[in-house]
Amino acid sequence: MSMAAPAETGVEGFIAGLQRCGTKAVLDNGVVRFTVTAVMGAYAGEEIETGVGSDELGGWPAVPPHWVHLPAHVAFSKTNSQPSPIPGWTKHSRDIKGWGNAKEPAQAWIGHVRAVLAETQ
Amino acid sequence: MRSTPTSVAMTGSMARDLEAHLLRSDGQEDLCLATYRPSAGTRRTSALLREFLPPEKGEREVHGNASFKGQYVVRASQIAAPSREGVVLLHSHPGGHGWQGMSSCDEDAERSYAYLAHEMTGLPLVGMTLAGGDKTWSARVWEPYGTPRSCESVRVVGDQLRISWNGDLRPRPLLGRHQLRTRSAWGEVIQADIARVRALVVGLGSVGLEVALRLAATGIVNIGIMDFDTIEEVNLDRLVGATSLDACLHRAKTDVAHRLLLEAATARDPRIDVFETSICEPQGLARALNYDVVFSCVDRPWPRAVLNMLAYSDLIPVIDGGIHIDPFVDGGIRNATWRSHVVRPGRPCLACNKQLDLGAVSADREGLWDDPSYIAGFPSSDLPARENVAALSVGVVSSLLTQFVSFVVAPGGRGDPGPLQYVLSTHTLGHRPDRTMENCYFEKSVADGDLRLDLTDQHAAAEEQRALRRSASSRFPVRLGRMADKGLGALRNALLSHLHRRSSTA
């Protein structure tokens, strides 16, 4: 039997998970902001700021978010996007596939963001 | 009062552990303690057993009867309280059969610890008895100052859904002539048990409506039907019994289903509860918690995720299924497959058996699949499939209902068969090899009850549909049409009800 400790779920759980992965995150304008290092694509090797809307984290970690928030300069040849609450940022529609079996869900999300960044050219 | 349990539920593995401890080979009574977490619906609160706490050395003595030390209750309360759990005191009546009353000794023992357990945990003490003769469980809840209140049922969710009924609070329904053939198939005892199961059908499309009708015809007394949608002309090729008049009068799917279920019902006093809501809304989930079993007849990821959680966190098994039709682009059909499965502790969840894409839930929750500007950004091949054929969807209906019968009746002593798949092109029915994923969050949420991860929220599409129906009902032609239709329907229902009562036997 389990009891989900408060820090394992929701916004707090997401931030705590990122911290376990060595990534510091802050809540800004309703978006949890953090940095990932791109491994492929136009920004390979660079640290890129990214974020997740806190309104999408109510079901974390059972249900992952949908939108990947990125600064507007991170552009894609093809994307379905909307404005982010953070000025100068855009959120991109990207479902994560195969969710549900990561030992550390935050690490799986970081991997997802890296895969999205790999699309940049 | 919401957290005062009126029912108890446990997993099959918990029941096995408790039975192994309480039913001794030397035939003496025994006792033990466990913890529980409440799961509060709008009408029923269930105590969900979470942790079995066997007695440690010196905490209990067996001497024909069994007695225990107060320290045992203190230890259990200390374990329960930090997890917001209550305490359950269980004992056995080795030769007993059926729902058990309490001897004065039993009553004194439970009463004397009711206050202590409540003080230490904030939740009432639950007392349970296991009848060794037929493994019937009985349960009651103790107010802090020592008044016991009998529970209505105890549910064991294992390979079979085994429900012990308190006959005083939920007596066997009277059987009628209508049910003669059903009774002759499995006898009056099984008919009485299956008729008392509270079943909720979520989603009243081609599959859900037909499932609900068959449950009503089988004699199930309490059926809930949940859907927020409105009948439209495009539904009529699949919703058998819905008419153009229903579409014209902007009828809710639940209203049409209610009408059809009352006509199909063979129970003497059927109770059909109508919920014009989504299971994704908090009030939808709260109502679902009143039921013993839920049929999932929805195809969107969000409601399926909510039901997937419910099956584990609240020990309410979900019988789910669906159809996938694979058409050729230029006409014709390559294949169709339909699946069915009981989702419950001990079986893979919907995500583990690949029937729920968790990555698609947030987009559905946000209403993106109902947003034309969002959908315009995708090629049509990436959009959700909508193909359906009434002649094939009945295959899913059949599959769901056979899962239900296997699960509740257990023909030949075997319960639910696990995930099944029928392949139309090869005409083969087979078991699916799906297994639980190691880190599945849903399957680790067993008996979380009211501390479950809440996946519900406001549901814009449901609110919009209800508002549109309210608006339509204010138009004079719709009002007049509904009034005339309602009058005719009421007359017909009164005649049917009269006939049912006449045909019923005591």
Where on [X] is there a heavy atom nearer than 4.5 Å to chain A: the side chain, the backbone, both, or neither?
X: B:Leu368; value: side chain
X: B:Asn308; value: neither
X: B:Leu455; value: side chain

Grab the two heavy atoms, one from [X] and one from [Y], that are nearest each other, plus how far apart they are.
X: B:Pro348; Y: B:Thr436; value: CA-OG1, 3.7 Å
X: B:Ala80; Y: B:Val87; value: CB-CG2, 4.3 Å
X: A:Ile96; Y: A:His112; value: CD1-CB, 3.5 Å

Interatomic spacing from [atom1] in [X] to [atom2] in [Y] - rounded to 0.5 Å:
X: A:Ile86; Y: A:Glu49; atom1: CD1; atom2: CD; answer: 7.5 Å
X: B:Leu289; Y: B:Ser46; atom1: CG; atom2: OG; answer: 7.5 Å
X: B:Cys352; Y: B:Arg347; atom1: SG; atom2: CZ; answer: 13.5 Å

Can a donor-acceptor pair be found between the side chains of [X] and [Y] at a distance below 3.5 Å?
X: A:His92; Y: A:Thr79; answer: yes
X: A:Asp95; Y: A:His66; answer: yes
X: B:Glu366; Y: A:Trp67; answer: yes
X: B:Asp320; Y: B:Ser296; answer: yes

**Request:** Using a heavy-atom cutoff of under 4.5 Å, enumerate the residues of residues 14-47 of chain A that contact chain B, numbered in order, or state 'none'.
**Result:** none
**Asked** Which residues in residues 53-65 of chain A have any heavy atom lying under 4.5 Å from a heavy atom of chain B?
**Response** A:Glu56, A:Gly58, A:Gly59, A:Trp60, A:Pro61, A:Ala62, A:Val63, A:Pro64, A:Pro65
**Asked** Looking at the rings of B:His459 and B:Trp302, which for Trp means the six-membered one, are their centres under 6.0 Å apart?
**Response** yes
